[in-house]
Every structure is written in structure tokens, then in C-alpha cells.
Amino acid sequence: MLVVAHAQRSRTRSCTLTFGRSVGWFPVSVPVNELAAKRNAVIELMRISPLADELAGLFAKAGHRLYLVGGSVRDALLGRLSADLDFTTDARPQQILGIVRGWADGVWDTGIDFGTVGVTKRGSTLEITTFRADTYDRVSRNPEVTFGDTIEGDLLRRDFTVNAMAIDISTKEFVDPHNGLDTLAQRVLDTPATPQESFADDPLRMLRAARFVSQLDFSPAPRVTEAMTAMAGEIERITAERVQAELSKLLLGEHPRRGLELVVGTGLAERVLPELPGMRLAIDEHHQHKDVYQHSLTVLEQAIALEQDGPDLVLRLAALLHDIGKPATRRFEAGGGVSFHHHEVVGAKMVRKRLRALRYSKQIIDDVSQLVFLHLRFHGYGRGEWTDSAVRRYATDAGPLLQRLHKLVRADCTTRNKRKAAALQRTYDELEERIARIAEEEDLARVRPDLDGNEIMKLLGLPPGPLVGKAWRYLKELRLDRGPLTHDEAVAELRRWAEENGIP
């Protein structure tokens, strides 16, 4: 792989690149001038993607140019090129279809109105788009789609300079009119045109900047941050679905805290997730964090450290928003204390409202709100005073979210007191062990009453209806309180309940 490590700006416009091989990985840093860097970038990109040469040959035979472009060039230079590649060409959409048919394993044209043809070939997904020279009405985000004639014009309309580089596959020329290689080496996000022009054309680019900060650990150029701050209100032109998609990608990045801090610092969060900056007003009850906002960012980072199977959007949303109800429940107590009674209940409702507004799926809304609702329950455990009944309820109320709840509760411990933190972790270890023991004995994942609905109706002579449901719920509560009952014990309890409720 070829990785841009950093740039050394000088009169010779040189930069330092790190080269390595995917097998063995022998990093060697060598200072080279800019032309050599671009030449080596071309060589490496062609090695990574031999499909590009085949495709370029087809386009050249048809009299057209083909360029690898945008994120594919950027990601290859960062050593993270995937099998999904982006190309641009002077060929018009119908001409692209004619060129790739017969060569591609699969073709789809759902984006053809915007100039994009999708192709699959030997496990890779390729998108080929005609040069664009769009204009925007700057009222909505929707462009008036127009096709361009030059690669330079196409690159000018790209969001950031690190995405405004291309490689002519036929000639192996590296096209970089906006010094994207330099900004990539410096890990800086800047725009080909002025940020004001870029964000006026498409305000979603402001959130995309925060997403790239999270995903790539880049820093926005000062003029980009200034424009984001001045133009934050423009994000209201963007649909909730598109905002949600960018926020999700931001949260799933490797450095979501940095991205979120940019969103909050520029005022974008006030428009898309106002509850997040709103948490800066609530002082944490332990008085050991700057505020609940900072505490929540720390919990997010600690939850991420506990992930085992890759990024978990539900866990990350729950960690970020677990204390969302604190500002609304803050009370100043006699003696200078601060309380947030029932903030988990209020917070769960607020999470539902916000995630619905952002058009998240019902499953994600249900899961995140339930985790927020349950995240404080462990603190009633004390030093293990819970009965087995309480442990059963904790596990069954969490249901399939139990492993995420374990991670959230552990991440929520941010005290700087090492002794206290260790004690909390030991206590939670004990709770997990109790859950595991009881689960092994009783199959907690399938807690049901000891009598099913059919038996209830037969024993009490009831037809299907609400009374059967009440009896079923009573027996389930009994099962949670006392554990498994024998059949005779369950029948006796059902008859006793029926008698108390006036059922013959």
C-alpha cells in the first residue's frame, strides 16, 4: 500500500510518502518531489486495481477518456482502497451503457438520470459517471444536472480537495488541479472552490466535513470551520433522511468525538441534534466532569472501546444520548447539590422523539430508547442486595439488548476515583456472573409463564379474551419473582388468582 504520511512544504513542493507491501509490510519513508509522488501514486493505484486497465481499454477503443476519481484516489493513497471504485468519463450515460455491456458481470442504471452507471465485475463494484457541471438554485439541495466536458470542471464541483484528484487510466496522468495531494498529506479538509460557494451549493457538505473528521481523522481548514459556523442554518434545507445518514456515518467512524465536537462547535448540532449541545448546561451530579456533554462524549469513547464485533450504531447512539434527559430534570437541592430524578424516563421519551424526527428505523428507535431507559437500573444493585427475582427482571427487561446494556453501564462509569471505578466494575462483574448462572439454570432468554394460554383457558373455563391475558401476565410476574414452578404449583397459583379476581 501507499500511505501519505505528511507533507514538508518548501520551494521544491516536496512531500514525504511511506511505501509498503501488503505482504510483510516493510515501511520505508523517502522524500520525493511532487511529480514523483504523483507518479508513484499512479503505479500503486494501478497495481491495486487491474480492472481499471481493462475498463480504460474499452473506453479508449470507443474514443473516450476514463479517470479513477474522488474517494477512490483518496482512499488508495491512505491505504484503505476497497473493491468499490468510482470513475468519471467524458462519455455520456447511454454511451457508457453501450461500452460496459458484454464486459460487466452486471449493470444497473438507477442513477442514469444523474449520469451514473453501476457495474459489477469479478466481485468489484464500479460506478462510472459522466463529467458533471451542475448548477444549484441554492434554495433546495437539488442540482440542475448538466454534463461537463473536462475533468478539471468536474473536479471543481467536488466537495473537498482530497476528493478532487483523478487519474487518467490510459495515460497514467495524475490530475490534481486543487493540490489535493498536499491537503491529504497534511490531513486537512479544504474545498476546491470557496467554502461559502461549496456549502451554498450543497449544505450537506458541512455535515460531510464532520463525518470525514470522524472517519479519516482529518482537521478542517480554518476557512472551512468559519464557513460552517456562519452558514449552519443552511443545513435546514436538507431532508432529515440525508442528515441522519451523515450523522450515522459520523458516529460509526473511528473518531466520532472529534466529528461531534465540530458539529457542536460550529452550531450545526443546534439544527440537527439540539439535545447534544443542550447537555452542556447540566453539571454532572458527581461534579467530576466539566458537564454532562463532556461526560457523554467520554461514555461514547468508552463504549466504543468495549465493542467486539465492529462499530455498533445502537450502542453508540445510546452512549451519546443516555443522559439526554438531564437538562429537563435538573433540580438544585438544599446544600448545593444537584439532582436529575427520573432523567432516564424523560430521556427515553426524548430519544424517541429525536430519532423519529431524524427518520431512524423503528427498531433502532426502540432499542436506543430502551437502553436509555434501563441504563440507571444497575445503580440500585448496591453491593449485591438484589434478589434473584430482581436479577431476572433486569435480564428479561433488557432481552436481546442485554449485552449492549452491559457495555453501556460499564462505559457510564467515568469517575476519576480509581478505587471507586474498580469497585463498580467488580460489582458489575458479580451481576453478570449472577445473570449467567440464573440464565444457565432457567433459560432466561425464554422466560414464559409455567402455564400457557391454552392451559389457562382449559383450567378456568375461559374463552379467548382479556382475562386470559391478565392471568398469563400474573403467572409471568410470578415466574420472574420465584423462578420456575412445578405444574401443580402453577395450577394452584392460577386458581388462587382466579378466586381473588372473582372468576368462577
Side-chain angles (χ1 to χ4, degrees), residues 211 214 240-253 256-257 259-260 269 272-276 278-279 292 295-326 328-329 342-381 391-413 428 431-432 435-436 439 443-448 476 480:
R211 188 241 293 183
S214 170
E241 290 84 356
R242 291 185 177 275
V243 168
Q244 178 247 101
E246 287 299 328
L247 282 176
S248 296
K249 291 174 184 176
L250 185 163
L251 282 171
L252 292 171
R257 181 171 189 151
L260 290 167
V272 299
L273 191 59
E275 295 83 359
L276 183 59
M279 286 192 284
V292 175
H295 163 73
S296 298
L297 294 179
T298 300
V299 172
L300 171 62
E301 289 182 316
Q302 294 186 168
I304 290 170
L306 296 173
E307 291 176 339
Q308 297 171 323
D309 300 313
D312 183 342
L313 181 61
V314 167
L315 176 63
R316 295 188 182 198
L317 280 167
L320 180 65
L321 303 176
H322 74 286
D323 278 344
I324 194 176
K326 280 190 170 180
T329 57
H342 306 301
H343 76 267
E344 75 283 10
V345 178
V346 173
K349 293 178 181 177
M350 293 175 66
V351 162
R352 282 190 173 277
K353 182 177 179 180
R354 177 52 54 193
L355 296 189
R356 281 193 191 114
L358 288 169
R359 302 293 193 270
Y360 276 98
S361 69
K362 182 179 183 300
Q363 189 65 61
I364 288 178
I365 294 170
D366 289 345
D367 289 351
V368 176
S369 61
Q370 182 69 349
L371 286 170
V372 171
F373 178 72
L374 293 174
H375 84 276
L376 270 191
R377 188 175 295 186
F378 163 71
H379 295 286
Y381 187 73
V391 174
R392 284 189 201 97
R393 289 180 182 279
Y394 185 79
T396 55
D397 285 353
L401 297 171
L402 183 60
Q403 294 306 314
R404 284 178 169 133
L405 182 60
H406 289 335
K407 293 180 176 69
L408 177 59
V409 172
R410 289 183 181 277
D412 195 24
C413 175
Y428 205 82
L431 174 58
E432 284 200 58
I435 292 172
D443 192 8
L444 282 181
R446 299 184 179 181
V447 170
R448 295 289 186 274
K476 181 177 180 181
L480 288 170

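As the structure is a computational prediction, the values presented were derived from the model and not from experiment. Nothing fancy with the numbering, it's 1 onward along the sequence.
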Can you tell if the side chain of Ser248 reaches within under 4.5 Å of the side chain of Tyr360, non-hydrogen atoms only?
yes

Restricting to non-hydrogen atoms, name the atom on Phe378 and the atom on Leu431 that form the minimum distance, rounded to 0.1 Å.
CD1-CD2, 3.6 Å

Taking everything shown except His342 itself, do over 12 heavy atoms lie less than 6.0 Å from its NE2?
no

How long is the span from the CG atom in Leu306 to the CZ atom in Arg404, to the nearest 0.5 Å?
13.5 Å

Validation row: Met350, Glu275 side chains within 4.5 angstrom (heavy atoms):
yes

Taking only residues two or more places apart in sequence, or in another chain, which ones meet Arg211 in a side-chain hydrogen bond (donor to acceptor under 3.5 Å, both in side chains)?
Gln215, Glu246

What pairs meet the ring-ring contact (aromatic ring centres under 6.0 Å, His included) rule with one or both residues in residues 302-326, with sequence neighbours excluded?
His295-His322, His322-His375

Of all heavy-atom pairs between Ile435 and Ala395, which one has the smallest distance, and what is that distance?
CG2-CB, 4.1 Å

How long is the straight-line distance from CG of Leu317 back to CG of Leu408, given to the nearest 0.5 Å?
11.5 Å

In chain order, what residues pass the side chain to side chain contact (heavy atoms under 4.5 Å, CB included) check against Gln302, with sequence neighbours excluded?
Thr298, Ala411, Thr414

Minimal heavy-atom distance between Leu321 and Leu355, with the atoms involved, is CD1-CD2, 4.4 Å

Walk me through it: do Leu297 and Leu320 pass the test side-chain contact (heavy atoms from CB on, under 4.5 Å)?
CA-CA 6 Å; Leu297 294 179; Leu320 180 65; 4.0 Å; yes

Hey, are the side chains of Phe373 and Val351 touching, using non-hydrogen atoms and a 4.5 Å cut-off?
no

Who are the side-chain hydrogen bond (donor to acceptor under 3.5 Å, both in side chains) partners of Arg410, not counting sequence neighbours?
Gln425, Asp429, Glu432

Just jot down the salt bridge (charged side-chain N to carboxylate O under 4.0 Å, His left out) partners of Asp397, sequence neighbours excluded, or say none.
Arg377

For Glu344, enumerate each residue passing the side-chain hydrogen bond (donor to acceptor under 3.5 Å, both in side chains) test, keeping only those at least two apart in sequence or located in another chain.
none

Min side-chain heavy-atom separation Leu260-Leu300 under 4.5 Å:
yes

Just one of Ile324, Val372, Leu376 clears the side-chain contact (heavy atoms from CB on, under 4.5 Å) bar with His343, so which one?
Leu376

Holding to salt bridge (charged side-chain N to carboxylate O under 4.0 Å, His left out), I want the full list of residues that pass it with Arg257, two or more places apart in sequence or in another chain.
Glu261, Glu301

Checking the side chain of Asp312 only, and the main-chain atoms of Leu315 only, is there a donor and an acceptor separated by less than 3.5 Å?
yes

Whether the side chain of Ser214 engages the backbone of Leu250 through a donor-acceptor N/O pair (distance < 3.5 Å, no angle test) should be reported.
yes

Looking at every heavy atom in both Arg359 and Gln244, which two are closest together, and how far apart are they?
O-NE2, 3.0 Å

Applying side-chain hydrogen bond (donor to acceptor under 3.5 Å, both in side chains) to Gln363 and not counting sequence neighbours gives Asp367

Could you check whether any side-chain N or O of Ser369 sits under 3.5 Å from a backbone N or O of Asp366, counting only pairs where one atom can act as donor and the other as acceptor?
yes

For Ala240 and Ala357, the nearest pair of non-hydrogen atoms, with its separation, is CB-O, 3.3 Å

Rounded at 0.5 Å granularity, tell me how far CG in Leu252 sits from CG in Leu313.
5.0 Å

For Arg316, the salt bridge (charged side-chain N to carboxylate O under 4.0 Å, His left out) test, sequence neighbours excluded, returns Glu307

For Tyr394, enumerate each residue passing the ring pair (Phe, Tyr, Trp, His ring centres under 6.0 Å) test, keeping only those at least two apart in sequence or located in another chain.
Trp386

The criterion is salt bridge (charged side-chain N to carboxylate O under 4.0 Å, His left out); which residues satisfy it with Arg356, sequence neighbours excluded?
none

